[in-house]
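To start, the structure under review is shown below, and the notes come after it.
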Amino acid sequence: MHEYTSAARVWGLSCPGFPEEVSRARRWARDILRGSPFAEDAELIVSELSANAILHTASGRESGSFHLAVAVSAQVVAVSVTDDGGTGTAPKAEYQDQDAEHGRGLGMVSAIAHRVVIHDSDGGHTVTAELFTDVRRGGYPC
């Protein structure tokens, strides 16, 4: 194989913006990553990011949706959730008091993942959480 290519596998799922779709998204990720040491972390990340999309963006409005992608390679497991937008600001991690009932999801994702990237995407936002298979000091892949 050429040194600049990878054997990454990518899966995608689109869900209507209903709360019950969060559990479907979680099961979907769990099925894809069955046997991976990152399965539980990725499942939690999918759950948090999907719930955030429904609660805080147009994804949770009538005819809204959110979209997931899971990419797996020898180096990384990447989980992405794209929302329908409708907010004036991009998602950001807020570090709340441990007893807070809301506002801790993206902070928790940032604590679990080795890297979290947030970018604009077709009127919405995409949040990608990366779990590196081989991590050196500082959280970056070797």
Side-chain angles (χ1 to χ4, degrees), residues 1 4-142:
M1 178 177 359
Y4 296 112
T5 61
S6 69
R9 297 192 64 199
V10 181
W11 294 262
L13 177 69
S14 292
C15 298
F18 304 127
E20 58 271 17
E21 291 297 312
V22 174
S23 62
R24 182 175 91 135
R26 192 173 48 244
R27 282 190 313 272
W28 175 79
R30 182 178 52 232
D31 289 346
I32 289 169
L33 296 169
R34 189 173 313 279
S36 166
F38 295 115
E40 288 182 13
D41 288 343
E43 186 179 346
L44 179 59
I45 290 168
V46 164
S47 184
E48 288 297 328
L49 296 181
S50 298
N52 284 352
I54 291 170
L55 291 171
H56 303 295
T57 75
S59 293
R61 295 184 191 146
E62 187 174 336
S63 70
S65 61
F66 62 99
H67 312 279
L68 296 100
V70 172
V72 178
S73 73
Q75 297 81 26
V76 65
V77 171
V79 175
S80 298
V81 175
T82 301
D83 63 46
D84 283 347
T87 61
T89 60
K92 65 180 181 291
E94 295 179 6
Y95 297 94
Q96 301 287 340
D97 180 280
Q98 68 181 17
D99 296 326
E101 292 185 23
H102 299 286
R104 299 184 330 176
L106 197 51
M108 183 170 40
V109 168
S110 296
I112 294 169
H114 296 113
R115 181 169 63 175
V116 175
V117 179
I118 301 168
H119 61 272
D120 294 338
S121 179
D122 294 330
H125 300 95
T126 298
V127 180
T128 301
E130 298 175 338
L131 301 163
F132 301 125
T133 58
D134 191 14
V135 179
R136 64 180 164 169
R137 216 179 280 220
Y140 294 98
C142 296

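Everything quoted here is computed from the prediction, not taken from an experiment.
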- Do the non-hydrogen side-chain atoms of Trp11 and Leu68 ever get within less than 4.5 Å of each other? no

- Sequence neighbours excluded - salt bridge (Lys or Arg N to Asp or Glu O under 4.0 Å) pairs with any residue from residues 123-133: Arg115-Glu130

- On a heavy-atom basis, the closest approach of Val46 and Ala29 is CG2-CB, 3.7 Å

- Look only at the side chain of Ser59 and the backbone of Gly17, and say whether a donor-acceptor pair between them is shorter than 3.5 Å. no

- Would Ile112 and Glu48 count as a side-chain contact (heavy atoms from CB on, under 4.5 Å) if you check the C-alpha gap in whole Å, the side-chain angles of each, and the deciding distance to 0.1 Å? CA-CA 11 Å; Ile112 294 169; Glu48 288 297 328; over 6 Å; no

- Item | Taking every non-hydrogen atom, the tightest pair across Ala25 and Leu13 | CA-CD2, 4.3 Å

- Note on the structure: Residue pairs meeting salt bridge (Lys or Arg N to Asp or Glu O under 4.0 Å), one or both in residues 13-23, sequence neighbours left out, come to Glu21-Arg24

- Residue set satisfying side-chain contact (heavy atoms from CB on, under 4.5 Å) with Thr126, at least two apart, ordered chain then number -> Ser80, Thr82, His119, Ser121, Thr128

- Val127 and Asn52: CA distance, side-chain angles, deciding distance, side-chain contact (heavy atoms from CB on, under 4.5 Å) verdict: CA-CA 10 Å; Val127 180; Asn52 284 352; over 6 Å; no

- Item | Derivation of the side-chain contact (heavy atoms from CB on, under 4.5 Å) call for Leu49 and Phe66 | CA-CA 10 Å; Leu49 296 181; Phe66 62 99; over 6 Å; no

- Between Leu33 and Ala42 the two heavy atoms that sit nearest each other are CD1-CB, 3.3 Å

- Note on the structure: Heavy-atom closest pair (Gly85 atom, Thr57 atom, distance to 0.1 Å) is O-CB, 3.2 Å

- Task: Might you point out which heavy atoms bring Asp84 and Ser65 nearest each other, and give the distance in Å?
- Result: OD2-N, 2.8 Å

- Gap between atom CD1 of Ile118 and atom OG of Ser110 - 0.5 Å precision: 6.5 Å

- Message: My understanding is that only residues two or more places apart in sequence, or in another chain, count here; which of them pass side chain to side chain donor-acceptor pair (under 3.5 Å) with Ser14?
- Response: His67

- Message: Checking Arg34 now: which residues fulfil salt bridge (Lys or Arg N to Asp or Glu O under 4.0 Å) with it, not counting sequence neighbours?
- Response: Asp31

- Item | Partner set under salt bridge (Lys or Arg N to Asp or Glu O under 4.0 Å) for Arg30, not counting sequence neighbours | Glu43

- Atom of Phe18, atom of Ile54 and distance for their closest heavy-atom approach: O-CD1, 3.3 Å

- How many angstroms lie between CE in Met108 and CD1 in Ile45, if you round to the nearest 0.5 Å? 9.5 Å

- Task: Look at the aromatic rings of His114 and Phe132 and report parallel, tilted or perpendicular, splitting at 30° and 60°.
- Result: parallel

- Message: Donor-acceptor check, side chain of Asp83 to backbone of Gly124, threshold 3.5 angstrom: yes or no?
- Response: no

